[in-house]
Amino acid sequence: MSNEPITLTAGDAEATVLPGNGGRIGGLRVGGTELLRQGERYGCFPMVPWCGRIRDGRFSDGAVVHQMPLNSPPHAIHGTARDAAWRTARVTADEAVITYDLVDPWPYPGRVTQVVALAEDRLTLSMSVETYMSSFPAQIGWHPWFNRTLDGTGVEIAFDPAWQEERGDDHLPTGNRVEPKPGPWDDCFGMPDGVDVTLTWPGLLELKVTSREQWAVVYDEQEAAVCVEPQTGPPNGLNTLPRLVTPLEPLEATTTWSWRRP
């Protein structure tokens, strides 16, 4: 099937899926209000086969060192799939399944499948990385850009992490876990019971970002948007906390955005 834009609807919610632009969610409207920052680089893009930055763009798989393009010098950032065209596998009124085959510069063959499922009060994103050949380390995550202001109302962010990854001058975790600090943030937090972050635009909308995964980067240093990024490991995780994709065991993750209005 093609990689043309897809529109999903459920009740008064509408989501736009853009397979041709990195498999990203281009928009999410609830009652006519757009929740995601608009633009080719924004919306919500999948981070795969890694999340955040890889130090110097290099990661090891056993004795082999692989070099990724330095798209955020001096590091490599956010995977390769967001820069590629995905293909549409299946579409219904409220669900889309899209796929992307891993290719160079990623050194291992594999297939990424993303399922986007819309309901009247939630959007669920699921992703898997599969291989039928050699095993390899990988990560899965999502990078949504939620509008900081809706109808003139600014957002409030609430979450209760167990720890914050200490961030070095190079924006990578140092390996030390510290007490969570007040924002503004461009930081990774540990949530052993699962990601649970609430965004509230008082009087308008409450949106919860949840996931069984235990890591989230929260970024609120930009005037236009805030980001809550559930992921399967911390930045530079291909080197520090790799998850292995094998022919018998894919890497899978899910996040749900659920909302309610007062």
Single-linkage hydrophobic cluster, 4.5 Å side-chain cutoff, V217 and I25 together: no
Side chain to side chain contact (heavy atoms under 4.5 Å, CB included) evaluation trace for L207 with F146: CA-CA 10 Å; L207 184 144; F146 294 108; 4.0 Å; yes
F59/W106 aromatic ring centres below 6.0 Å: yes
Inter-residue atom distance R41.CZ - R82.CZ, 0.5 Å rounding: 7.5 Å
Beyond-backbone contact of V129 with L102, side-chain heavy atoms, under 4.5 angstrom: yes
Partners passing side-chain contact (heavy atoms from CB on, under 4.5 Å) against T246 (at least two apart in sequence or in another chain): S135, L244, L248, E249
Note, M191 side chain near Q214 side chain (heavy atom, < 4.5 Å): no
Heavy-atom side-chain proximity of R55 to H75 below 4.5 angstrom: yes
Point-to-point distance, once rounded to the nearest 0.5 Å, from CD of E166 to CG of L172: 12.5 Å
Aromatic ring pairing H143/F45, orientation class (parallel under 30°, perpendicular over 60°, tilted between): parallel
Note, V195 side chain near T255 side chain (heavy atom, < 4.5 Å): no
Separation of L199 CG from W257 CH2 (nearest 0.5 Å): 10.0 Å
Stepwise side chain to side chain contact (heavy atoms under 4.5 Å, CB included) check, Y108 with T131: CA-CA 9 Å; Y108 302 97; T131 183; over 6 Å; no
NZ/NE/NH1/NH2 to OD/OE distance under 4.0 Å, E165 and R177: yes
Whether D94 side chain and A10 backbone form a donor-acceptor pair below 3.5 Å: no
Flag if over 12 foreign heavy atoms under 6.0 Å of CG, D160: no
ILVMFWY network linking Y219 to V197, side-chain heavy atoms under 4.5 angstrom: no
Partners passing side-chain contact (heavy atoms from CB on, under 4.5 Å) against P69 (at least two apart in sequence or in another chain): P105
Gap between atom OH of Y42 and atom CZ of R37 - 0.5 Å precision: 3.5 Å
Side chain proximity check, W50 to T80, heavy atoms < 4.5 angstrom: yes
From CA spacing to verdict: side chain to side chain contact (heavy atoms under 4.5 Å, CB included), V112, M127: CA-CA 7 Å; V112 184; M127 198 157 25; 3.6 Å; yes
Approximate separation, where rounding is to 0.5 Å, of N147 CG and Q38 CD: 7.5 Å
T240 side chain reached by P234 side chain, heavy atoms, under 4.5 Å: yes
Nearest non-hydrogen partners of F136 and P109, listed with the distance: CE2-O, 3.5 Å
V116 versus L8, closest heavy-atom pair with distance: O-CD1, 3.6 Å
W201 side-chain N/O to G154 backbone N/O, donor-acceptor pair under 3.5 Å: no
Any donor-acceptor pair under 3.5 Å from Q114 side chain to P46 backbone: no
N/O donor-acceptor pair under 3.5 Å between T92 side chain and E95 backbone: yes
Lys/Arg-Asp/Glu bridge criterion (N-O < 4.0 Å) met for E130, R111: no
Steps toward side chain to side chain contact (heavy atoms under 4.5 Å, CB included) verdict (L35, L205): CA-CA 10 Å; L35 304 188; L205 190 78; 3.6 Å; yes
Separation of C51 SG from W142 CH2 (nearest 0.5 Å): 9.0 Å
Heavy-atom closest contact (V65 atom, S60 atom, distance): CG2-OG, 3.7 Å
Side-chain donor or acceptor of E252 paired with backbone N/O of S126 under 3.5 Å: no
L238 to P242 - nearest heavy-atom pair and separation: O-CB, 3.7 Å
D220 backbone acceptor or donor facing R148 side chain under 3.5 Å: yes
Heavy-atom donor-acceptor pair, D61 side chain to H66 backbone, under 3.5 Å: no
T200 side chain to P202 backbone, donor-acceptor under 3.5 Å: no
Verify same cluster id: L36, L118 (apolar side-chain graph, 4.5 Å): yes
Heavy-atom donor-acceptor pair, R24 side chain to E40 backbone, under 3.5 Å: yes
Beyond-backbone contact of P107 with M68, side-chain heavy atoms, under 4.5 angstrom: yes
Common cluster, V209/L204, ILVMFWY with side-chain heavy-atom separation under 4.5 Å: yes
W163 and W215 aromatic centres sub-6.0 Å: yes
Minimum heavy-atom distance N3-A85, with the two atoms named: ND2-CB, 3.6 Å
Exam field: side chain T232 to backbone I140, donor-acceptor pair closer than 3.5 Å: yes
Closest approach of R53 to S72 (non-hydrogen atoms, all atoms of both residues): NE-OG, 4.4 Å
Same apolar cluster (I L V M F W Y, side chains within < 4.5 Å links), F159/W259: yes
Residues R260, D121: salt bridge by 4.0 Å N-O rule: no
Residue pair D186, H171: steps toward the side chain to side chain donor-acceptor pair (under 3.5 Å) verdict: CA-CA 8 Å; D186 182 12; H171 272 258; 3.3 Å; yes
